[in-house]
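Heads up: the structure comes next, in structure tokens.
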Amino acid sequence: MSDMVKKPITLDVNHMMADTLGFQYGIARSQVEEYAPFAAAANQAVQAGRGKNWLGWTELPYNQGEIVEKIEKTAQRVREQFDTFVVLGIGGSALGPIAVQQALNHLHYNELPAEKRGGPRLYVEDNIDPERMQALLDVIDVKTTCFNVITKSGATAETMSQYLTVSELLKKEVGDKWADHIIATTDTEKGNLIKLAKEHGFDLFYIPATVGGRFSELCPVGLLPAAVCGIDIRAMLEGAAAMDARCKSDNVWDNPALLEAVLQYICMEDMGINVQVTMPYADSLKYMADWFCQLWAESLGKNVTRKGMACNHGQTPVKSLGVTDQHSQLQLYTEGPYDKVITFLKVENFRAQSPIPHGCEEFPDVAFLGGKSLNQLIEAERQGTEYALYKKGRMSQTITLPEVNAHTLGQLIFFYEMTTAYAGELLDIDAFNQPGVEESKIASYAVLGNTSEKYQKKAAEMKNRPAEQDAYIL
Ligand code: PA5
């Protein structure tokens, strides 16, 4: 960790503000000041609740000394004994591991020869597409694979059905030793996975009761897969703590996550900016956008306030990759509805330099690229996009990582988590539940014919829908 750049990430909101965009499209500083008392109250609520209820994630940078040691030991064992590591999980039990692996390891990690990789191949299986399960089984050998079954509730159908598949296969292929191939990461008490883990003696890691799925990346959910793949998890936690230290103040101008929450609150509530596009200009960060999408969508999309008032809060998060999506989505962002804010993720120093050779002198528009680098080109294109948005009165903001490493990623994760908690306070909603997901879950069990009363009732209720008409099926 010693050579790692530990500079702070920055949040630049110039292109959100009326000073840059004008009063028609931008946010006036005075508007932000008007919300100062609410912002202060939001910070005080989050600080007062630290470590309690669903705010257990605030303490993860500080309270995992022994857990980190156990994770590192287990990771070492896995690296010695297995050539493949498969995470079985979904939502908050998968998006963090995917994002961190993409950000911090080689972009073609699995394809590297074993000696260059230095750890097992990693697959994170966050869907139940039957072709995908078959495809996984086609490329792994279960005899040399370790499966990390991750589920906070210990009951998620997608993950438990994957567990049933791999445990049966393991029993066939490795006999008595099958349980040595499974590591469970789950709640300390709730759910079925904890019971299975105890019954069969799986290696076991806990998700603290106060840490919800989408806030769990910095506990064993994310730390174990990262450590197995050689990522410096201590630096990630150190980065999170560094961001935490910057998020103490009640003053928005001294607390980046609080400023961000207030600006997005103004966007959502006062300006009808109901879409936030996260646009990393770096392939390494493209799945951070997915991770953020879940965090923001599931936390803020609510139809009732904490006082029980009806509402329809939330801001639709969209993932877009720079520069790739300049050639697919940018037209909409510059000229479509005024309902979007674009968040650029910028990398100051990439881990590779890619010079563009001279050539094609007969074509000046090609030749001028010679002698520059892809590093310069990607940043020039980000600035070009920022300008194009500005010219059309569209808001954007830029989060800059001095470089992508475990420390800066830890900062970014904690920044987004704090922003989400503050936004929940400002909107006065419960940012830590997800009741809207339940209906679909119960309905699917009913469709699948679960015979317990709850699902039978749902099956009957579903029959009351208006019958589908052939005329509408072409
Ligand atoms: O944020 C959440 O709580 C959810 O998105 C969960 O992460 C997701 O539903 C998976 O749940 P579990 O980890 O219980 O399997």
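Computed from heavy atoms alone, side chains included, the values below leave out hydrogens, waters and symmetry copies. Counting convention: from 1, in listed order, for ligands and their atoms alike. These figures come from a predicted structure and were not determined experimentally.
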### Query
Which residue owns the protein heavy atom closest to atom 15 (O) of ligand 1, what's the atom, and how far is it?
Thr156 OG1, 2.5 Å

### Message
Looking at ligand 1, is there an atom of it that comes within less than 4.0 Å of some heavy atom belonging to Gln294?
### Response
yes

### Query
Do you see a protein non-hydrogen atom under 4.0 Å from atom 12 (P) of ligand 1?
yes

## Note on the structure
Gln434 heavy atoms within 4.0 Å reach ligand 1 at atoms 2 (C), 3 (O)

### Query
Is it the case that Thr185 and Asn148 place a side-chain donor and acceptor less than 3.5 Å from each other?
yes

### Task
Just need the protein heavy atom nearest to atom 4 (C) of ligand 1, so name the residue and atom and give the distance.
Glu298 OE1, 3.3 Å

### Message
I need the nearest protein heavy-atom contact for atom 6 (C) of ligand 1: residue, atom name and distance, please.
### Response
Gly92 N, 3.9 Å

### Task
Run the numbers for me: atoms of ligand 1, each under 4.0 Å from some heavy atom of Ser153, listed by number.
12 (P), 14 (O), 15 (O)

### Task
For residues Asn303 and Asn312, report the shortest heavy-atom separation together with the two atoms involved.
CB-ND2, 3.9 Å

### Query
Going by distance only, is there an N or O of Gly212 that falls short of 3.5 Å from an N or O of ligand 1?
no

### Query
Does any N or O atom in Thr159 lie less than 3.5 angstrom from one in ligand 1, N or O only?
no

### Message
Please report whether the ring centroid of Phe215 lies less than 6.0 Å from that of Phe432.
### Response
yes

### Query
Among protein heavy atoms, which sits nearest to atom 8 (C) of ligand 1, and what does the distance come to when rounded to 0.1 Å?
Ile90 O, 3.8 Å

## Note on the structure
Hits for salt bridge (charged side-chain N to carboxylate O under 4.0 Å, His left out) against Lys463, two or more places apart or cross-chain, chain-then-number order -> none

### Message
Using ring centroids (six-membered ring only for Trp), state whether Trp57 and Phe414 fall under 6.0 Å.
### Response
yes

### Query
Between Glu260 and Thr419, does any side-chain donor sit less than 3.5 Å from a side-chain acceptor?
no

#### Entry: Minimum heavy-atom distance Val46-Ala421, with the two atoms named
CG2-CB, 4.1 Å

